[in-house]
There are 2 protein chains.
Amino acid sequence: MQTMTVQNTSELASALIRVLKEGKQDTFHDIIKDLQPFDVAVQFKELPVKHRPLFLEFLTIKELTELLRHLNQDEQLHVLRVIGPERSTAILGMMKNNDLAFLLTGLPKAQVDELIAEMKQEEMDNIVSIMNYPPKTAGRAMTKRYIWIHSSYTVDRAVSKLKHFANLATYLNYLYVIDDEKKLIGVVSYRDLLLAEPHALIVDIMSCNLITADVLMKQEQVAKLIAHYDYVSIPVVDETTILVGIITVDNVLDIVVREANEDIEMLLASGKAIDFKTKPLVAAKKRLPWLILLLFIGLISGSIISRFEATLEQVVALAFFMPMIAGMTGNTGTQSLAVVVRGLVTEDLSFKKSLKLLVRELIVGILIGVTCAILIAVIAYVWQGSFVLGIVVGSSLLATLIIGTIAGTIIPLVLHKFNVDPAVASGPLITTINDILSLLIYFEIATMFISKLM
Amino acid sequence: MQTMTVQNTSELASALIRVLKEGKQDTFHDIIKDLQPFDVAVQFKELPVKHRPLFLEFLTIKELTELLRHLNQDEQLHVLRVIGPERSTAILGMMKNNDLAFLLTGLPKAQVDELIAEMKQEEMDNIVSIMNYPPKTAGRAMTKRYIWIHSSYTVDRAVSKLKHFANLATYLNYLYVIDDEKKLIGVVSYRDLLLAEPHALIVDIMSCNLITADVLMKQEQVAKLIAHYDYVSIPVVDETTILVGIITVDNVLDIVVREANEDIEMLLASGKAIDFKTKPLVAAKKRLPWLILLLFIGLISGSIISRFEATLEQVVALAFFMPMIAGMTGNTGTQSLAVVVRGLVTEDLSFKKSLKLLVRELIVGILIGVTCAILIAVIAYVWQGSFVLGIVVGSSLLATLIIGTIAGTIIPLVLHKFNVDPAVASGPLITTINDILSLLIYFEIATMFISKLM
């Protein structure tokens, strides 16, 4: 009953291997039936490769379907290959169609056709229609496995429909009420059904005060709706308010984690979708473009320094403060960027709010600029014994910190305004701009004071 | 029925202001009753300050309670002050206790005592017990508002208990089954109740295959459980498996977003919990410590450069490649760090997995090191016309990229091993180490070749 401990997991693994070696399907099922699908998947992934075919053979179609939900795409395709076309088709028919769309995403058309060739026409149409929605829209994340009832039903009739489709009802808590034109007009929760009299009319007990997601709404936006309204699922409608699917909170959790990872990947330029299992060559390939981009950004900085070679040759001590100025300007820019990017996860931005944010960041930039400038001016004076150097370094830092903060705020706001995800485009852009500006400002000021510095 | 558009929101705002000016409570309620609590909160926050007291006066205790859930702590305290002690007590009595604990967190003891002074003893004990759990544990996020039933109940009796506590049942989908010692032995979903015969025994229809969270489990871990098992809620038990509360998926969504934000704040050193509404002075205060830390890190780099002043004076061109080498080493370190920190969100790490990850990152470091080193060697040769300079820059970059990658992997793994959140401590540490090492290596190699460079 407790959450499985590591010890239990490894005991379980040895028990499973023993049973598989002995080929005892009954004992195998005795063990499996007490496990949650996620734990079955953990066991499968830990299993030595040679035992896997028998493991898969022993599972029922239902168990295989649930196993598949907890595997990544490569593992899913591997399983389908091992179990052969007949059982594969049965499984694909059982999968929630958003899971199925996930499985098929990015596969060559020939392979998709082969996989779904044996399915019922209706199921095939469902999948094709989901895969036709643009990536990251509500349409791609929704499932069509929900239960609808007509507004004229009684509670009794609704419950018997629920009983009839009990399999579909596992993950849901609502029945969706539609009118003659299949337009969504209300929802009824299982709780409402339990509390109502059997002969009450659905139309009298349903809740009409609905929040729905448009089928083309961004998944991020759907996640915001679910989080704001504390829902466990949200109905998805097309432009004519016809119900086309639902999105459940477990999918939203996945979306939120994925979006956060993408924000981090982009903010840190760390490479898309690298996890613990990514192969070295693949990980290197994903990280290299960013590093090569940074290499050229670094060279631009270098070429700016080379323009001021004469200044630098005369006062080599100027080089000592370069990493500090460039580093801090870069960081203050990313600080502002992070505030904007993550703020957008929970809030919508109006023009008024953006302007307020910009003014706030300007004041922040001045506050931190003045503080750091005074600090570094004193340190530079004490360290290098030159009052003028202190002034040069301090005033440069003041200017670059203010500019860095503003750049880090304006750029993502403008990108957001033009519907570009600020996380995607801002990181390297802000780093480049801040690097170049900070070195330019520093060396320009230093060159102005060069006679006094020597 | 559609999601509210901006236009609707502002029309609504003017309608509310008009009604408040005219002091018409009935019309006010006609408008409010069709809104979701989240939208009421949006309206309240947009309302000119002078209209707020009447707005609050017009709301019922239930509406006020729901409004409070969508405000931050400052706004909540403001509302409680405005409505006075009597209605405040009524509201605090209605709040879910995890929400209440959130409201009280960080307040001075005197203020807490004043706020809860008028509450029922039982409620007070509940709150105090929740606030006694360490921050970020399951105990802090759980609610005590769930419905338990004894295993000896029939379905009929369970449904009538559900009807009796219908108010509590809004956000839940399960009844929790306990034995004589209040130990949790199963759960029954509303769906199970709908599908079962009225005279069936709970003990026969309940699901015993439970995943529970220990009351001291970290909230991050709870989020992982809910995400893995696709639950909408998870029961929380103490060490003797006595049921002490439940955690619902809407809280988990908040936890996941908060943890992601914290990861980003730490990885980018961007300052804790700064959002669009944070005041400039507060935001500057939160960001300054990081910037001052970076200032000193920058100065360490500077002092390393100053140790090689002689080398630099002889070959000023060495300065041109400094930003590139330091920048790329820093970035490759954060890339590895991001992989570890975000990987831990969805996976647990065994020693074996850590070792595998380390080997993977070593190979990645070598691959990207060799590629970038060759590239920069050629560029340096073409740009500065010095073959030796190309060798110096290229071999430095090779060494620093490999070291940067390994440092970015080992440090968070070691911190995680010792139960320190790697996101908290790694960022500045890795930046410092990589900055210092990269400059040391670069200038050491350059000094070795100094006679050939001139």
Side-chain angles (χ1 to χ4, degrees), chain A residues 1 34 36 38 159 163 166 169 173 190-191 194-195 209-210 227-230 232 249-250 253 256 260-261 264 268 270 274-276 280 283-284 287-288 291 294 298-299 301-302 305-306 309 312-313 316 319-321 323-324 327-328 331 334-335 338-339 342-343 347 357 360 363-364 367-368, chain B residues 1 34 36 38 159 163 166 169 173 190-191 194-195 209-210 227-230 232 249-250 253 256 260-261 264 268 270 274-276 280 283-284 287-288 291 294 298-299 301-302 305-306 309 312-313 316 319-321 323-324 327-328 331 334-335 338-339 342-343 347 357 360 363-364 367-368:
Chain A
M1 198 189 93
D34 288 335
Q36 300 279 344
F38 172 75
V159 171
K163 284 186 184 170
N173 309 284
Y190 294 179
R191 170 177 161 270
L194 280 170
L195 300 183
N209 188 4
L210 290 182
H228 284 162
Y229 296 104
D230 293 338
V232 291
V249 70
D250 54 306
L253 255 185
V256 167
N261 286 347
I264 292 177
L268 297 179
S270 67
I274 300 177
D275 63 25
F276 291 166
R287 285 165 61 164
L288 262 175
L291 287 169
L294 285 166
L299 286 177
S301 306
I305 302 173
S306 76
E309 192 171 353
L312 197 55
E313 266 177 348
V316 176
F320 308 163
F321 297 94
M324 188 272 303
M328 288 184 68
N331 189 260
T334 1
Q335 284 185 335
V339 169
R342 290 310 287 178
E347 285 207 57
L357 182 66
R360 202 268 312 268
I363 301 176
V364 170
L367 289 172
I368 59 183
Chain B
M1 198 190 94
D34 287 335
Q36 299 280 344
F38 172 76
V159 171
K163 284 185 183 171
N173 310 284
Y190 294 179
R191 170 177 162 269
L194 280 171
L195 300 182
N209 188 6
L210 291 181
H228 284 164
Y229 296 104
D230 293 338
V232 291
V249 69
D250 54 306
L253 255 185
V256 168
N261 285 347
I264 291 178
L268 296 180
S270 67
I274 301 176
D275 63 25
F276 292 165
R287 286 166 60 163
L288 261 176
L291 287 170
L294 284 167
L299 286 177
S301 305
I305 301 173
S306 78
E309 194 172 351
L312 198 55
E313 266 177 348
V316 175
F320 308 162
F321 298 94
M324 188 273 302
M328 287 184 68
N331 189 259
T334 1
Q335 284 184 336
V339 169
R342 289 309 288 178
E347 284 208 56
L357 182 65
R360 203 268 310 266
I363 301 175
V364 170
L367 287 173
I368 59 184

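Because the structure is a prediction, the values reported are computed rather than measured. Quick note on labels: first sequence line is chain A, next is B, and so on, each numbered from 1.
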Supply the atom-to-atom distance [X] [atom1] to [Y] [atom2], rounded to the nearest 0.5 angstrom.
| X | Y | atom1 | atom2 | result |
| --- | --- | --- | --- | --- |
| Leu291(A) | Met328(B) | CG | CE | 4.5 Å |
| Leu195(B) | Tyr190(A) | CG | OH | 8.0 Å |
| Arg191(B) | Leu194(A) | CZ | CG | 12.5 Å |
| His228(A) | Asp250(B) | NE2 | CG | 13.0 Å |

Checklist entry - Of the listed residues (Ala260(A), Ser306(A), Ser301(A)), which shares the most heavy-atom pairs with chain B below a 4.5 Å separation? => result Ser306(A)
Next on the checklist: I need the residue from Val256(B), Leu288(B), Val159(B) with the largest number of non-hydrogen atom pairs under 4.5 Å to chain A.
Outcome noted: Leu288(B)
Next on the checklist: Below 4.5 Å, heavy-atom pairs only: which of Ala284(B), Gly298(B), Pro280(B), Gly327(B) has the largest tally toward chain A?
Outcome noted: Pro280(B)
For [X] and [Y], which heavy atoms make the closest approach, and how far apart are they?
| X | Y | value |
| --- | --- | --- |
| Ala283(A) | Val364(B) | CB-CG2, 3.9 Å |
| Val316(A) | Glu313(B) | CG2-CG, 3.1 Å |
| Leu312(A) | Ala319(B) | CD2-CB, 3.6 Å |

Next on the checklist: So, using side chain to side chain contact (heavy atoms under 4.5 Å, CB included) as the criterion, who are the partners of Leu357(B) when residues are at least two apart?
Outcome noted: Phe276(A), Val340(B), Arg360(B), Thr409(B), Leu413(B)
Next on the checklist: Students often mix this up, so state it plainly: with edges at 30° and 60°, are the rings of Tyr229(A) and Phe38(B) parallel, tilted or perpendicular?
Outcome noted: perpendicular
